[in-house]
Amino acid sequence: MSDREQKPGGGLTGARERRVRSGGVELCVAELGDPHQPTVVLVHGYPDSKEVWSELAPRLAGRFHVVLYDVRGHGRSTAPQPLRGGFTLERLTDDFLAVADAVSPGRPVHLVGHDWGSVQGWEFVTVGRTEGRIASFTSMSGPSLDHFGHWLRQRVKRPTPRRVGQLLGQGARSWYVYLLHTPLLPELAWRGPLGKRWPRMLQRTERLTAGDYPTPSLSTDAAHGAWLYRDNVRARFSRPRDDAYAHAPVQLITPLRDAFLSERLYDELELWVPQLTRHTLPAKHWIPRTRPDQLAAWITEFVTATEDGRPTPTPTGKYADRFSGQLVLVTGAGSGIGRATALAFAESGARVVAVDRDAEGAARTAELSRLTGAPEAWAEPVDVSDEQAMEQLAQRVAAQYGVVDVLVNNAGIGLSGSFLDTTPEDWKKVLDVNLWGVVHGCRLFGRQMAERGQGGHIVNTASAAAYLPSKTLPAYSTSKAAVLMLSECLRAELADQGIGVSAICPGFVNTNIPSTARFAGVDADEEKRRQKKAARLYALRNYPPEKVADAILRAVVRNEAVVPVTPEARGGRLLSRFAPRALHAIARLEPPL
């Protein structure tokens, strides 16, 4: 075997390439990262080649020795002759062991598989001859054929309405499997129109960006790969193994919008896997291309925990199934509602970016987020009213952490005083933070979500003041009313792109905003007196910011449009709709300050 730099255009720049012989074929193997670090082997699916990992592999290479190989008959690996009988799971296991022995002699490897790479991985991790060679297995979008076979048998032998529905649902999703068993038709289709149209089909249905994937070998890869199905599916479904128990920890990542596989396939997986970690992802099938940052975080955490001999941390938050591993950015995260929201997402296993103009406050929130449960959390000291600084933040976050899945525009400042006492400078300060800060966040991070094409969610913290007029809050109420209307307009615009938008409208919440709010038209001593009195009133109300944070997470899960929080906010929302005259009368009252 020989090592050399991979040729340009392979999608894995800087990778070391070698050839490994196994059972009459020659496998093309690429390596990234330090060989002295734990080895992570990535196995691709159908009709892919190893380049499907070109977004994920570099993200892992900073921590691990990353190995990718073209499955026999795919990419730059040679095909068995004859093709029939050359793609059995037994032969594929031979290939995996040959690669593992070449790249990590004497040390077990961490296996990651997607689609048919995951189907292979289940074979590798459940057969006796690989025991001791696999330290952990991460499975994505590909079940064990043995487990699947037993799943089918149970639903046929012991039918219930629910099980029959599951069986029919998965049968409809598996339409392509039947076609791949037909003679010659798949080969003709892939070498003809399907092979030419497949890249565009993926771009349209999965919203994949054009680039180095799929590779020019797609048609040949897909034609050869049809034998993966022909050599294995019917044989295993008719005689599934009864001893298909995993002999290594398994991490299961299930995309909930997978067009080919139902999440119900994994309902009884704990029977076969003693050490199982589950994650779900609101994404479609090709997550190595669409969610590389999130996958890198989960794989890194899982491999590191396995290497350290400790259990994988399990998020304990109410919405852990929804937010685990997602990238969440919260502005105004240095205290109050922002900090509580960041910690609530962290408790649910999200990766958190805490943004605040107070660098110490942001750093403390990031530290608390890591202690609470976030696999990773970062502090970014930024003034949201600074357009250039926000543009730099958006570029930095995308480059270092990935595209944000949930954006919470929470930063805000308070200002009280009559309209005639409010100076143009006062107006500018309030609008720059409360409105323009939200505009900058929505524009920059919303555009990244839209360009990724995989959906997301934007939360804008407005206020009950957005729909409750007051003669002492003209600037603050105007800024929040603008945020509310901006949110509703954005929700209509971005709905077709799978991006939800929610406006959160809290009432009186016990945060530090009363003690830092400005009071127009009074001297410094009077302003301090009013700040202290306002802070006491809010403390007596004692509505905790944690309840607002819970409402924010719930709004994202349910994709709610406008969410009043606190009884007074909900009551005011009803009055604004059904008794506006009463609101006008209340607006004329003097506040108790």
Side-chain angles (χ1 to χ4, degrees), residues 43 45-46 85 87-94 96 111-131 133-134 136-181 225-256 258-281 285 321:
V43 187
Y46 177 85
F87 289 85
T88 63
L89 288 170
E90 291 76 15
R91 296 284 182 89
L92 297 168
T93 305
D94 293 338
F96 163 71
L111 177 63
V112 178
H114 174 254
D115 190 83
W116 256 93
S118 178
V119 175
Q120 293 181 59
W122 281 110
E123 179 77 3
F124 305 160
V125 81
T126 58
V127 295
R129 61 190 176 118
T130 62
E131 196 161 356
R133 295 298 287 124
I134 299 174
S136 72
F137 172 44
T138 296
S139 165
M140 295 177 268
S141 302
S144 161
L145 294 186
D146 296 299
H147 301 165
F148 196 169
H150 287 290
W151 186 90
L152 291 171
R153 284 187 169 191
Q154 289 174 356
R155 278 146 187 81
V156 170
K157 290 181 177 180
R158 299 181 180 87
T160 64
R162 181 170 176 268
R163 286 184 167 187
V164 170
Q166 293 174 357
L167 193 62
L168 294 175
Q170 183 55 53
R173 291 173 186 242
S174 299
W175 58 268
Y176 63 98
V177 177
Y178 319 134
L179 293 178
L180 285 166
H181 279 83
W227 288 100
L228 290 167
Y229 295 86
R230 295 166 180 166
D231 280 351
N232 296 291
V233 173
R234 282 187 294 183
R236 285 301 175 93
F237 281 5
S238 61
R239 294 184 300 277
R241 290 189 296 131
D242 293 325
D243 61 347
Y245 298 98
H247 50 66
V250 175
Q251 174 177 230
L252 177 71
I253 300 175
T254 307
L256 299 178
D258 195 321
F260 309 107
L261 296 166
S262 166
E263 60 180 305
R264 299 277 71 85
L265 284 177
Y266 309 103
D267 279 353
E268 292 95 21
L269 195 56
E270 281 81 1
L271 299 174
W272 302 99
V273 184
Q275 301 178 64
L276 179 63
T277 300
R278 288 178 179 264
H279 294 293
T280 58
L281 196 57
H285 185 76
D321 287 346

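Reckoned from all heavy atoms, side chains included, excluding hydrogens, waters and symmetry mates. Bear in mind the structure is a predicted one, so any value in this text is a computation, not a measurement.
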- Just one of Phe87, Trp227, Tyr229 clears the ring pair (Phe, Tyr, Trp, His ring centres under 6.0 Å) bar with Tyr46, so which one?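 With Tyr46 as partner, Phe87, Trp227, Tyr229 yield a single ring pair (Phe, Tyr, Trp, His ring centres under 6.0 Å), made by Tyr229.
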- Query: Is there a side-chain contact (heavy atoms from CB on, under 4.5 Å) between Asp267 and Gln166 once you walk through the steps?
  - Reply: CA-CA 11 Å; Asp267 279 353; Gln166 293 174 357; 3.9 Å; yes
- With a 6.0 Å cut-off on ring centres, are Tyr266 and Trp151 close enough? no
- Message: Are Phe137 and Phe124 an aromatic pair, judged by ring center distance below 6.0 Å?
- Response: no
[X] [atom1] to [Y] [atom2] distance, which is reported to the nearest 0.5 Å:
X      : Y      : atom1 : atom2 : answer
Leu152 : Gln170 : CG    : CD    : 8.0 Å
Lys157 : His150 : NZ    : NE2   : 9.5 Å
Thr277 : Leu252 : OG1   : CG    : 9.5 Å
Asp243 : Asp146 : CG    : CG    : 8.0 Å

- Message: My understanding is that only residues two or more places apart in sequence, or in another chain, count here; which of them pass salt bridge (charged side-chain N to carboxylate O under 4.0 Å, His left out) with Arg163?
- Response: none
Heavy-atom pair of closest approach, residues [X] and [Y]:
X      : Y      : answer
Trp122 : Gly142 : NE1-O, 3.0 Å
Ser139 : Ser118 : OG-OG, 2.7 Å
Asp258 : His285 : OD2-ND1, 2.8 Å
Thr88  : Asp231 : N-OD2, 3.8 Å
Gln120 : Leu89  : CA-CD2, 4.2 Å
Ala248 : Val125 : CB-CG2, 3.8 Å

- Are any side-chain N or O atoms of Gln154 and backbone N or O atoms of Pro159, one a donor and one an acceptor, separated by less than 3.5 Å?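 Checked: no pair found.
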- Looking only at atom types and distance, does a side-chain atom of Ser136 sit under 3.5 Å from a main-chain N or O of Pro249, one as donor and one as acceptor?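 It does not hold such a pair.
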- Specify whether Tyr245 and Trp272 have parallel, tilted or perpendicular ring planes, treating 30° as the upper limit for parallel and 60° as the lower limit for perpendicular.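 Tilted: the ring planes of Tyr245 and Trp272 meet at 30° to 60°.
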- Message: Taking atom CZ as the centre, does Arg153 end up with more than 12 heavy-atom neighbours from other residues, nucleotides or ligands that are less than 6.0 angstrom away?
- Response: yes
Test item: [X] and [Y] side chains (from C-beta on) under 4.5 Å apart, heavy atoms:
X      : Y      : value
His114 : Ser141 : yes
Arg278 : Glu263 : no
Thr126 : Ser144 : no
Arg155 : Thr160 : no
Val112 : Met140 : yes
Leu111 : Phe96  : yes
Arg173 : Ser262 : yes
Leu271 : His147 : no

- Does a salt bridge link Glu90 with Arg129, judged by any charged N lying under 4.0 Å from a carboxylate O?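 So Glu90 does not pair with Arg129 through a salt bridge.
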- Message: Between the side chains of Arg241 and Glu123, is the shortest nitrogen-to-carboxylate-oxygen separation below 4.0 Å, so that they form an ion pair?
- Response: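 Arg241 and Glu123: salt-bridged.
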- Could you walk me through whether Leu180 and Leu228 pass the side-chain contact (heavy atoms from CB on, under 4.5 Å) check? CA-CA 9 Å; Leu180 285 166; Leu228 290 167; over 6 Å; no
